[in-house]
Student: 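Structure incoming, see below.
First the proteins, then the strands, lettered A, B, ... as listed; each starts at 1. Note: hydrogens, waters and symmetry copies are ignored here, and every other heavy atom, side chains too, is used.
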Amino acid sequence: MTNYNQPELLACISAKMVVDNKGYFVGSGIPLISVLLAKKTHAPNAVPFFETGSIGPKLEELPISIADSKTMTRAIAVKSMCDIFELSTIGVIEYGFLGGAQVDMYGNLNATMIGDDYYRPKVRLPGSGGACDVGSLCGKTIILMLHEKRRFVPRVDFITTPGYLEGGNSREERGFIKGTGPYRVITNLAVMDFEEESKRMRLLYLLPGATVERVVENTGFELIIPDHIETLDPPTREELQLLREVLDPTGLIIGRQLKN
Amino acid sequence: MTNYNQPELLACISAKMVVDNKGYFVGSGIPLISVLLAKKTHAPNAVPFFETGSIGPKLEELPISIADSKTMTRAIAVKSMCDIFELSTIGVIEYGFLGGAQVDMYGNLNATMIGDDYYRPKVRLPGSGGACDVGSLCGKTIILMLHEKRRFVPRVDFITTPGYLEGGNSREERGFIKGTGPYRVITNLAVMDFEEESKRMRLLYLLPGATVERVVENTGFELIIPDHIETLDPPTREELQLLREVLDPTGLIIGRQLKN
Amino acid sequence: MRILATGVGKLIKPVPSSDQVQQETRTLKSLALTNKVMSAKEAVQRYVQENDYVVSELTGNVRGPMALIREVVRQGFKDLKAAGNTSTLDIDLLLQAGCVKELDLCYVGYELLGTSYTMRKMIEEGKLKITEWSNATMAWRLKAAAMGVPFLPCRSMLEGTDTFKYSAAKIAECPFSGDRVCVVPALRPDVALIHVHRCDIYGNAQIDGITGSTLEVAAASKKVIISTEKIIDHDEIRKNPERTAIPYFMVNAVVEAPFGAHPGNMPYLYDMDVEHYKEYINYCKTGEGIKEYFNKFIYNVPDNDGYLKLIGEERLEELKRKEQIRYKYREE
Amino acid sequence: MRILATGVGKLIKPVPSSDQVQQETRTLKSLALTNKVMSAKEAVQRYVQENDYVVSELTGNVRGPMALIREVVRQGFKDLKAAGNTSTLDIDLLLQAGCVKELDLCYVGYELLGTSYTMRKMIEEGKLKITEWSNATMAWRLKAAAMGVPFLPCRSMLEGTDTFKYSAAKIAECPFSGDRVCVVPALRPDVALIHVHRCDIYGNAQIDGITGSTLEVAAASKKVIISTEKIIDHDEIRKNPERTAIPYFMVNAVVEAPFGAHPGNMPYLYDMDVEHYKEYINYCKTGEGIKEYFNKFIYNVPDNDGYLKLIGEERLEELKRKEQIRYKYREE
């Protein structure tokens, strides 16, 4: 078996979630490299969209930032930031990748602050950026997180980005567009989805080496655990080679510590 | 004295109303040629705007239509139709030229239909086009009309474009932007403005050859007539030469019958 | 944000909820890079249905999708709805041929060349259902749909005008500034017809000069048929992504149609054919010769090539020369 | 259109009525073609006042008006308000120098390069007043002001999120579709700082590549200062009017500033100076060296030329080379 580190594992698992011929809202980092890996393997026409304006670029070099002229190399079109979010409102950009400091059992995400006073937080984070918009507008949001108890919390300190709010129909009732919301949560231990009725987070797959116990231990709320759970295959030699030699030879993304 | 026809007279009088360094919403026809004449004489940097997108073109040939690529020759910028009306909302395009089939004493204009049933009109006209927008948004609207009783009516059959509505503060009360509204009415007989308080149309100047009596005779409502009225100078030889030899050598505009 | 007034006009095309829009996008707008090139005949057969609301993207006589309009006429539709915004020959032909029965109307006419006798007669005889708008409010209605929002506020067409009264807009008070605004409903046409300077086989399209409402119309519409002066290589698109006016995923069909805007003007390529317009307008005015016009230029020719043969190469070359002389400074 | 909820955040910049906007445009935006070229020092002295709300037009590290930002820092403002949207070093510098006391915040940070320790520390210590937004809602707030309307509806940032709760937006129900919309107030900054690829002496500006919100910001703002990589002939503008991103009448001052976006990226011209970013972020993180950084690169240099000398020609040439290799396909 080949060795791989956590970013490599996450990139390969995320890449599996990427479907061909769909639009993906991508930020910098692992989401981007996942889409690129998918494009080199099973989804050659997965189309990346950047909120900074670029549509479907070739991405011959990895950008450090989504606002970096590398994001527009041989793009299909370059539009304004408003245009991109409007395209996502009308449903063109079906998938969005998101991260955060905390997630709860309904997929609500916090990227704003830790603490109980918004005006005097224990830790202030960078803020929503486009996250609230991507999570509001995209049909299927894919959440990437480290699987830790302090991140998988019963109640996020601040709902930056809407998941299913209080579960059930609460998201729709607040007026969010029907058929939008979190679709998958991918961590270093597992892949989760959301139960259809309650909208509660549910274990879907284990990552290689992980166990249900370790997942439960590292989750700060009650996860729905089905009777039978598959374990996903580890990254293949081909995938790792693509990541290391073609997509990220300088280790910009796969050479970093995971933290979000 | 030089001979001139009505379109030439109107073009020269309208040109006098054009101030340098201001933005003008122009349609095809006399408004356009007036701005061009002013640019060749006293207002070299009067800036024409076309609702079709062109800003400040050189207009080396006269366009037949405002949607004609001649409107964008050596323009300063070409934007979308929305952009142009938005520029006029924020006040960039201070002046607008308008015509119509009917006008009333408050400067309300009709370019939509003649008759008393909107759904079965006696005569259907082309419609607002951008007129309602120009008349709603521009600081100073200049109305060009033939001076006839059937056109200067007590009540227009249809308010396509807002003047001062029922006079006084009624325009502001309906929510139109303060400081916008009709500024001058230019006809083949006279130039009118609007009295400050009542917003009623008032005779301002006579055109060469016209008399107060003829103006009153051809106006279907009571016009405010001040005690003393100046008569404007006729077109100069230089102006006529510019019109005939430089601006409209084929007589596209100045060779036509007036009717709006 | 109280609603203070509502126009009495019919909302010819009801405003869909965002849920419905997203669902339609997923069904009708694919991100797959598929070759969409087809004949005008096929494109109209596949993407225009009776009862559809059609918008013809042009500004007056510029870049009108005339080859596509002629194909719609040729296929004999009887019950379309349409947008008459900055419209000229496009809507006049559809009305004259009896294709359109309901119209959102802000302008149909020919400016210095005259009026649309067709539109005038139909309305005077009560044969056309209309709702009144202005150019800007119609442009903003399309912009609203392109933005995916159900309405936009604006400061034009307020109460006191009959244009508002006979529209389907509303008046509201801004909860922030207290300004009164006219609230216009999003317009989401069923199908848009757009003519462009060039595009690739997937529908990535570039245009030059006057843009009108190209992106708005393409993004607002459920289905989009593009006709193009020529088809270019996909790589050309990727060399200048800033130039892409319409991205391919908005487009359902690509039709190659050189001189496809004739008798209108195609900026930098060919001038307006003023004589052709004058003849047509005169047929409509007198009522004489109009049947022959339709037979000659539309019903008795199979396609755009047939049409262009009737116009004649000499005339087309002349129109090209006139336009290109005008813009030689771009090469300076 | 009932208002269903209102965010508790402060509306840092109140929404002006359209009356006021038109009046300000007439006073501050001239259509005269006057030479507006001046030094950054003069531009900032004339057009930035204490208490102004400042927006720095950029998208992250691309095309940031860094030479202008450094001048604002140099002039020692103490009480500005600002927009922290897709912000990086621009807002970080203003915060670190103590220029800004209130911030509309959706993002300040460096993505893969790390966080803004400056912003973080100030908020944690209660030294910065903030109102929360998202990137899209801030972009739409600027678009609303550019359109001259007091608000825009959108389908993001609805009730249930704390982003909405701590914003100054409202929730309303669409009178046409029944959709719930978030209604965002127009943002009309007092002054915009924008860096462009090229413009003429009047301020007609062209940009290449990523556009962000250029036209929106320029049209939304009361006063606009442009810095430019180079000044081009007015005739060049008229040869390609489609390329004019910002028309001159929106612009109050033009400042020539080659490498004016350094250490950011200028598409097609020069790459990001990643090392410079890393050094600065590290100074902020450790708290050590930050005073020296400001002294060295801002306070002790008179202008952009002085700054570029410190960076050194060799480094600048290297950044040019890296970027230009990337885009050689445009010449293919």
Student: Counting only heavy atoms closer than 4.5 Å, note whether D:Val274 contacts chain A via side chain, backbone, both or neither.
Tutor: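 The side chain, not the backbone.
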Student: Measure A:Glu86 against the heavy atoms of chain D and call it side chain, backbone, both or neither at under 4.5 Å.
Tutor: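 Contact with chain D: backbone and side chain both.
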Student: Using 30° and 60° as the class boundaries, would you call the ring planes of A:Tyr95 and A:Tyr24 parallel, tilted or perpendicular?
Tutor: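 A:Tyr95 and A:Tyr24: parallel rings.
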Student: Does any backbone or side-chain atom of D:Ile130 lie under 4.5 Å from a heavy atom of chain A? Answer side chain, backbone, both or neither.
Tutor: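 The answer is both parts of D:Ile130.
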Student: Under 4.5 Å heavy-atom distance to chain D, tell me which part of A:Thr52 shows up: side chain, backbone, both or neither.
Tutor: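 Contact with chain D is through both the backbone and side chain of A:Thr52.
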Student: Do the ring planes of A:Tyr119 and D:Tyr166 sit parallel (below 30°), tilted (30 to 60°) or perpendicular (above 60°)?
Tutor: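 Perpendicular.
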Student: Is the distance from the ring center of A:Tyr164 to that of A:Phe194 below 6.0 Å?
Tutor: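 Centroid distance A:Tyr164-A:Phe194: below 6.0 Å, so yes.
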Student: Which residues in residues 168-180 of chain D have any heavy atom closer than 4.5 Å to a heavy atom of chain A?
Tutor: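 At a heavy-atom separation under 4.5 Å, chain A is reached by D:Arg180.
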Student: Check whether A:Ile177 gets within reach of chain D through its side chain, its backbone, both or neither, counting any heavy atom under 4.5 Å.
Tutor: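 Answer is both: backbone and side chain atoms of A:Ile177 are under 4.5 Å from chain D.
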Student: Restricting to side chain to side chain contact (heavy atoms under 4.5 Å, CB included), what partner residues turn up for D:Ser116, sequence neighbours left out?
Tutor: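 Testing D:Ser116 for side chain to side chain contact (heavy atoms under 4.5 Å, CB included), a comparison that skips the adjacent residues, returns D:Asp92, D:Val108, D:Tyr110, D:Thr118, D:Met119.
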Student: Contact part of D:Leu105 toward chain A, heavy-atom cut-off under 4.5 Å: side chain, backbone, both or neither?
Tutor: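 When you check distances to chain A, only side chain atoms of D:Leu105 fall under 4.5 Å.
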Student: What part of A:Val123 gets within 4.5 angstrom of chain D, counting heavy atoms only: side chain, backbone, both, or neither?
Tutor: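 Both backbone and side chain.
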Student: Is the backbone of A:Arg124 close enough, under 3.5 Å, to the side chain of D:Glu124 for a donor and an acceptor to pair up by distance?
Tutor: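 Present.
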Student: Select one option (side chain, backbone, both, neither) describing which atoms of D:Asp271 are under 4.5 Å from chain A's heavy atoms.
Tutor: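 Side chain only.
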Student: Please classify the contact of D:Ser167 with chain A as side chain, backbone, both or neither, using a heavy-atom distance under 4.5 Å.
Tutor: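 Neither part, no heavy atoms under 4.5 Å.
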